[in-house]
Number of protein chains: 2
Amino acid sequence: MGTVTIQEVAAYAGVSSATVSRVLNGHPRVSAELRERVLEASRALGYQPNRVARRLRIGSSTSDVVGLIISDIENPFFISVVRGVEDVAYANRLSVVLCNTDESPAKQQMYLNVMLAERVGGLIISPAPGSDYQELDRLRQKGIPIVLLDRRAERYDFDTVQVDNVHGAFMAVSHLIELGHRRIALIGGTAGLTTARDRYEGYRNALEKAGIALDKSLIKQGDYKKASGYQLTLDLMQLREPPRAIFVANNLMTLGTLQALQELRIRVPQDVALVGFDDMPWSGQLCPPLTAVAQPTYDLGQEAGRLLLRRMPDRDAAAQTIVLQTRLIIRESSGARLDKEPRHE
Amino acid sequence: MGTVTIQEVAAYAGVSSATVSRVLNGHPRVSAELRERVLEASRALGYQPNRVARRLRIGSSTSDVVGLIISDIENPFFISVVRGVEDVAYANRLSVVLCNTDESPAKQQMYLNVMLAERVGGLIISPAPGSDYQELDRLRQKGIPIVLLDRRAERYDFDTVQVDNVHGAFMAVSHLIELGHRRIALIGGTAGLTTARDRYEGYRNALEKAGIALDKSLIKQGDYKKASGYQLTLDLMQLREPPRAIFVANNLMTLGTLQALQELRIRVPQDVALVGFDDMPWSGQLCPPLTAVAQPTYDLGQEAGRLLLRRMPDRDAAAQTIVLQTRLIIRESSGARLDKEPRHE
DNA sequence: CGCGATTGTGAAATCGTTTTCTTGCCCCCG
DNA sequence: CGGGGGCAAGAAAACGATTTCACAATCGCG
């Protein structure tokens, strides 16, 4: 027992199930008396429509659940993005279900199947490296609006929300150059992700503009996880001539770098200057407070939510890309001279 | 275009839809020849069963999606728990969809409706303060197995996974007492949550054991968010006789406390000693490295996942409560004398 | 060789809604 | 007074899968 069906409500109220449905969905053509009886019956029995049956009948179009597939839930960046999406969704009476692929294409495929199976009303996804965009395209063709988050698809035309990674990285590295550094290492991001490529490009642009030659031995490729930042920093510091400054392409790797330097008893910024990509709420309480390229993470989520909301009504408008700007927050780790009352928030 | 149904597959293969269903679900009584034809047709058309229809027919019992409702996605504690749940689920071929209630009973109710509507195979939830446990009980009666996470329901009998909060807080405060402190402030957790009550109890127990009288002016009630830790710390420090030690009942509030003390130019631990509840991956890189009661967050998630898995087959076994132990990690913020090679991980 | 048991297959019922179709009733106007 | 037009409400179809039921055909065994 447990579930009560529309039939039982109808029987209880002495009407047909069609009438019950009409009342509950606010159809105009129902007499006040029957409406009252139905509502009463519905309340008395504690009726909750079976949404599975409902969606089967209606089709995907009206699901008020949107899926949000992120690639690393342990990254505070995505958490903040999620909050942005949630707030926009909640304001529009939509529910958000979140799935975490852990940067694994296999898990991503699994969750895409879930999304398709549940016939969500829309989907926001930050694709895992090595994603099968054709698969995403298939979902879209089956009528699920899709917005890409943070990472572009190269040869497909999806709605996308991202930041200007090239410029962000450029600012970070230029900042180090202005402070007099010329041997600046890069701990780069995951191969195959547009963010990694873009941040690498920003790094190169900054060096090039300053007339500094690229030194391959100072360029490491990580995977956006803390452990790789840790390990690659150890590697860098074992070079015959270690760098005096490091630009790390994301926040988690920066934490690894910080830990490695701390364990090596290397002082930041005196011995090595450090700038990270992507700020965190506690970056100012780290030791030392971290200079970082802040992304408008929450806005990113909001924009993605809004874009999806716009897309849900008309499925086949032209795809659109929204690019938000980053901002360099200068704290102590880069070694810049700070004003006397530092406002690390 | 769009979705291909089982009927189309049947037509393409020249069989009935019943046969297609049997093949795809691995029924034994199908001839090899037809099986082959059906599989071929299914592949050719790229058939993906409509799970909505499937679940309508089958009933809730076989959904391979479990819901995980957490109350604050911005808290790293829950993130780690989520990872634990996910790993157990994934190893058992289950998908996890995550919902964040933001400590709001209204949002929680919304997501409970979603879970019911989607007929998830099971549900793990850390209830928001002021939760309607009767509602949860209703879900359970409708056949959805439920495991409570981190927080108990007081007058209902649910499967529960939690840590020994009383003992954890007791250790933290006792540690401060051993270091010579007697004026120890408490920044407590959200009213109405068992974790807040338990940690408060541990605080009292420790003081009592040491023969220290409770000083109400040193006891503040927060809401487990960073902002309240920040504000309450400012309040404490404006007392005529401020505390020389603070025990903060969760990690986010501790970050707020740290920020407040930093802005007030109060040195930790020289001026004020600090112990937090719940460690974070970067607690060792904070300024100063944080002494904290570490919860086995990942294990907590795993246990919750396992408990749910055990519960899903037999719905009405007796409810079970699993209590895990905490561990005090001593770093610099409490002012303890550390070994020369500190191993802050 | 005959008859019951077994097996493979299709037709049809089913899950719980929504929506279309149909029907009966009332109202209004010529 | 008769007939067309609305309109409220029930009957039935539809959504897309699974599963029961019915029905041949084949098999096995005496």
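By convention in this document, chain letters (A, B, ...) are assigned in the order of the sequence lines, proteins followed by strands, and residues within each chain are numbered from 1.
- In the region residues 18-32 of chain B, proximity to DNA chain C at under 4.0 angstrom, judged on heavy atoms, holds for B:Ala18, B:Thr19, B:Arg22, B:Arg29, B:Val30, B:Ser31.
- A straight line from CD1 of A:Ile58 to C1' of D:dC15 spans 11 Å, rounded to a whole angstrom.
- The side-chain tip of B:Arg83 does not point at the ring of B:Tyr298 from less than 6.0 angstrom away and within 45° of straight on.
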**Message:** side-chain hydrogen bond (donor to acceptor under 3.5 Å, both in side chains), that's the test. Do B:Thr101 and B:Ser71 meet it? Break it down for me.
**Reply:** CA-CA 5 Å; B:Thr101 64; B:Ser71 46; 5.1 Å; no
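- When the C1' atom of C:dA11 is taken as reference, atom CD of B:Gln7 falls 11 Å away, rounded to whole Å.
- With B:Ile146 as reference, B:Ile125 is the one residue of B:Leu308, B:Thr160, B:Ile125 to meet the side chain to side chain contact (heavy atoms under 4.5 Å, CB included) rule.
- Using a 4.0 Å cutoff on non-hydrogen atoms, no part of residues 37-51 of chain A comes near DNA chain D.
- B:Glu103 and B:Thr190 are not linked by any side-chain donor-acceptor pair at a separation below 3.5 angstrom, with hydrogens and angles left out of the test.
- Checked by atom type, the side-chain pair B:Thr5/B:Tyr47 shows no donor-acceptor distance below 3.5 Å.
- With hydrogens and angles ignored, the 3.5 Å screen pairs no side-chain donor or acceptor of B:Tyr12 with any backbone N or O of B:Ala44.
- Between A:Glu33 atom CD and D:dA9 atom C1' there is a gap of 12 Å when expressed in whole angstrom units.
- Position along DNA chain C of the nearest nucleotide to A:Ser17 versus B:Leu34 favours B:Leu34 as the more 5'-ward residue.
- The base of C:dT18 lies close enough to the side chain of A:Arg57 for a donor and an acceptor atom to sit less than 3.5 Å apart.
- We find the NZ-CG distance between A:Lys225 and A:Asp72 to be 5.0 Å, quoted to the nearest 0.5 Å.
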**Request:** List the steps, then state whether side-chain hydrogen bond (donor to acceptor under 3.5 Å, both in side chains) holds for B:Thr194 with B:Glu154.
**Result:** CA-CA 8 Å; B:Thr194 57; B:Glu154 297 279 51; over 6 Å; no
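- Side chain to side chain, A:Gln109 and A:Asp132 fail the donor-acceptor criterion of an N or O pair below 3.5 Å.
- For the helix from C:dC1-D:dG30 to C:dG30-D:dC1, the terminal axes (five pairs an end, C1' atoms, rotation from four pairs onto the next four) enclose an angle of 50°, given to 10 degrees.
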**Prompt:** Does the side-chain contact (heavy atoms from CB on, under 4.5 Å) test come out yes or no for A:Leu136 and A:Phe158, once each step is laid out?
**Reply:** CA-CA 9 Å; A:Leu136 270 183; A:Phe158 285 99; 3.7 Å; yes
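- Using a 3.5 Å distance cut-off with no hydrogens or angles, the side chains of B:Gln108 and B:Ser131 do pair a donor with an acceptor.
- Atom CG in A:Leu56 sits about 9 Å away from atom C1' in C:dC15, given to the nearest Å.
- With rounding to whole Å, B:Glu8 atom CD is found 13 Å from D:dA17 atom C1'.
- We find that CZ of A:Arg35 is positioned 10 Å from P of D:dA8, with the value rounded to whole Å.
- If you check D:dT19, C:dG10, C:dG16 against the side chain of B:Ser16, the one that comes closest is C:dG10.
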